[in-house]
Structure formats: C-alpha cells, structure tokens
Protein chains: 2
Amino acid sequence: MPLTPTTRDRLVAGVTHLLRTGRHVSSRAAESVYGGLPSFGWTLLVPLERDGEQRCSALAGHAGVDVSVVSRQVAALERDGYVERRPDPHDGRASLIGLSPAGAAALARTRELRSAWATAALADWDEDDARLLSELVERLAADLDRAATPPRQPVGAAS
Amino acid sequence: MPLTPTTRDRLVAGVTHLLRTGRHVSSRAAESVYGGLPSFGWTLLVPLERDGEQRCSALAGHAGVDVSVVSRQVAALERDGYVERRPDPHDGRASLIGLSPAGAAALARTRELRSAWATAALADWDEDDARLLSELVERLAADLDRAATPPRQPVGAAS
DNA sequence: GAGAAGTGCTTGTAGACCGCAACCATACGT
DNA sequence: ACGTATGGTTGCGGTCTACAAGCACTTCTC
C-alpha cells in the first residue's frame, strides 16, 4: 500500500473541492452554456445523438440516476419539443425516445457554448497535462464507482 | 492554444463523470462514513478543528455556500451538541462557533471511517500517480473557479 | 452623540434534484 | 390462462441550495 496518508487526504480534499466547484459552475455559469436547454438537457440529449433512439431506462443508465428522474426529465424535454417519443415496436410497455430536429439544433448550439467556455477555462493547459489528467480522472471515477457500490464478490464466488 | 478539442471534451466528460460519481458516493456511502454526523458535518467541523472558533460567515466561505445555509447547519450541529456558540466579545452581532468535545470526538470517528474508506477505494493507486492527480485536480479546480466567477478585470484595470 | 449606512446573522420562501414506493400496462414463462 | 417479471409514470418526501426580508448591532459622519 504505497500511498501516503498525506497524499490520500490531499487527494480527497482536492476532489471534494473540485466537486463543489463543479456544482457552482453548473449552476452559476449555467444559462450562458445551456443554450436554452434545461439543466439536464445535455446529459440526456448527448446519448440520444450518439446512440440514436433508446428507452428511458437506457438513458437513466447513462445519466446514472433513477428511472423516475429521467421519466420526468424526458417528459419536460418532450413538452419543449427537444425529443420525440414513439412506442417501441417490439415491446408495448416501452417507449423509444429520439432526438427531434429542434433537439439536435439546441444540442449543437449548446455544444458550441460549452466548447467556448471550456476552451476559455482551460486556456493555460497544455495537451500533455490535460490528457494525463483525463486518464487519471477516469481511473479515479472508476475506482470510486467500484468502492461506492455495495461490496460484491469480485471473482468466482457463488452468488 | 495547444489543447486538442478531443482532449478538452474528454476532460470535460471525465470530470462530469467524476462529479456524478462523487455525488453518489457522498449519498450512498454516506452513513458508513459520516460517523453519526449529518452530511454537512465534516465540511463545517474540519475548519473549526483546524482554525479554532470562527463565525458563520467564515465557515460559509470555507464551505463555499451561502451564509444562510451555514446558519441552519450550524443550528443543527449546535442542537446535536457538536458545536458550541458564544457571542463574539468584539462584535455583538456575531457569534463564534467552536468545536465541542462531542464534536471533536465525532470528527475523530468520522476521520477514521473516511480514511478507511478512502484507503480501500484508492487501494491500487501508487504515490506518484496520486500526488500528480492531486496537483492537477487542484489546478483544475482553481481554473474552474476563476472561469465561473463573473469576468473580472484580471490585471491593472481601474475597478 | 444622534442619525445614517453598513454588517452579521436568522428566517421565510421557493426551486432544483433525487430516490423510493405504489401503481398500471404489457410481456414472458409454464 | 395465470402468475410473475419488467418498463414506465406518478405521488411523496427528503436534501441542498440561494435570494430576500428583517433584526440587532456596529461604524461612520457631522
């Protein structure tokens, strides 16, 4: 266990700070970056654009929240015309949610704004540091995910 | 601007994911790590332990939230006996909030739990990576902070 | 030193999110 | 066909947050 307690605490504190900052950013710099979409629009619309039509449960999986939350959010997006819903031809219980033209346009607009904002915020980062940070952050997120989920038997144990 | 759009987007996505995960962690792994304290206990009690008695506004500054939020949280902590309040001798408007013995004990307990949890979660990190990530995360948080606050004149402009 | 303005804090109010549980409709296994 | 499982919606409660109004006190100004 070659990880110094000092470093561990510092990392935890740093991530905590980043968390708080991130919350501030997504609420304060919100309107200038969301481009008309509600706050959750980006999270839901991006998977729709990337993977095409899909059901609520799939979106909930991508977003990492409860299905009920996505259900409401999708209802709002549908009401505002950003997504379209059609019954799943293979399963009468489910609906398929798809990006509408207006949704695609809003998404493109938002993408521009986000890019501009991120470019400004990351102005004095260079490629190497950013790439390194990306990798470490992804790894950390994965580890935290793993640690947060209830202790599973990792390998070959009878469930 | 030597930062590839690909890397930029990847970094944003990674941080977003980390944000979501962090929220999950602090709500799901909560009880096992908070040691009896309410969810905001750690955030408030740590500065009290480190810097001694201080006022609500200072705590709000540390926590990065509105004073009104801290006011309620402190009231709750006081009700549960984790902090003590006394009038500021130099300013009749303010109160000084201090850690009570029970608060110190709870904080120590929480620290143990958090350490254990963090150690487990970061089990396969080595010192170098963790330290590097710490530095990069702190730098990123600072940059985001800066980018989130309303555009100030950075240098030598008449305010 | 009296009034005006500023400051520290509390409380009322409201909004954004979230998850759980209950419920309905449909699908699936036997 | 019947019981069970699954996708989705809605009701409900909880947490966390900020803003605005109000109170007590301090500080400034004349």
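In this text, all values refer to a predicted model and were calculated from it rather than measured experimentally. Letters go in sequence order (proteins before strands), and every chain restarts at 1.
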- Task: Return the value, rounded to whole Å, for the distance between atom CG of B:Asp66 and atom P of D:dA21.
- Result: 14 Å
- Taking only side-chain nitrogens and oxygens of B:Gln73, does any of them come within less than 4.0 Å of OP1 or OP2 of D:dC16? no
- Query: What nucleic acid atoms does B:Ser68 come within less than 4.0 Å of, heavy atoms only: base, sugar-phosphate, or nothing?
  - Reply: base
- B:Gly92 or A:Asp91, whichever maps to the more 5' nucleotide of DNA chain D: A:Asp91
- Message: By nearest heavy atom, map A:His90 and A:Pro38 onto DNA chain C; which one lands nearer the 5' end?
- Response: A:Pro38
- Message: Taking the basic N atoms (NZ, or NE/NH1/NH2) and the acidic carboxylate oxygens, is any pair closer than 4.0 Å for A:Asp143 and A:Arg146?
- Response: yes
- Would you kindly give the CZ-to-P distance between B:Phe40 and D:dT17, to the nearest whole Å? 10 Å
- By nearest nucleotide on DNA chain D, pick out whichever of A:Arg23 and A:Arg85 is the more 5' one. A:Arg85
- Compare the minimum distances between each of D:dT6, D:dT15, D:dG8 and the side chain of A:Cys56, then state the nucleotide with the smallest one. D:dG8
- Query: Given atom CG of B:Asp88 and atom C1' of D:dA24, what is their separation to the nearest angstrom?
  - Reply: 14 Å
- Item | 5' precedence on DNA chain C between B:Ser57 and A:Ser39 (nearest-nucleotide basis) | B:Ser57
- Answer yes when B:Arg114 and A:Asp9 have at least one side-chain N-carboxylate O distance shorter than 4.0 Å, and no when they do not. no
- the helix from C:dG1-D:dC30 to C:dT30-D:dA1: angle between its terminal axes, five pairs each, to 10°? 20°
- Item | First and last nucleotide of DNA chain C, 5' to 3', lying under 4.0 Å from heavy atoms of chain B | C:dG6 to C:dG19
- Message: For B:Val67, is there any backbone N or O sitting under 3.5 Å from a side-chain donor or acceptor partner on B:Ser71?
- Response: no
- Do A:Leu44 and A:Leu96 share a hydrophobic cluster, counting only Ile, Leu, Val, Met, Phe, Trp and Tyr and linking them when any side-chain heavy atoms are less than 4.5 Å apart? no
- Item | Ion pair A:Glu135/A:Arg139, N-O distance below 4.0 Å | no
- Task: Rounded to the nearest angstrom, tell me the gap between atom CG in B:Leu96 and atom P in D:dC25.
- Result: 16 Å
- Item | Minimum heavy-atom distance A:Arg20-B:Ala63, with the two atoms named | CD-O, 2.7 Å
- Using distance alone, with no hydrogens and no angle criterion, decide if B:Ser95 and B:Arg86 have a side-chain donor and acceptor under 3.5 Å apart. no
- Task: Go through B:Glu127 and A:Thr7 one step at a time and tell me if the side-chain hydrogen bond (donor to acceptor under 3.5 Å, both in side chains) criterion holds.
- Result: CA-CA 7 Å; B:Glu127 177 71 13; A:Thr7 304; 2.5 Å; yes
- Query: Does any donor-acceptor pair link the side chain of A:Arg72 with the base of D:dG8 at a separation under 3.5 Å?
  - Reply: no
- In whole angstroms, how far is the C1' atom of D:dT10 from the CD atom of A:Glu78? 16 Å
- Item | Gap between atom CD1 of A:Ile97 and atom SG of A:Cys56 - 0.5 Å precision | 4.5 Å
- Task: Pick base, sugar-phosphate or nothing for A:Ser27, based on heavy-atom distances below 4.0 Å to the nucleic acid.
- Result: nothing
- So, does the side chain of B:Arg93 form a donor-acceptor pair with the base of D:dT26 at under 3.5 Å? no
- Message: What I want to find out is whether B:Glu53 reaches B:Arg85 closely enough, with some N-O distance under 4.0 Å, to be called a salt bridge.
- Response: no
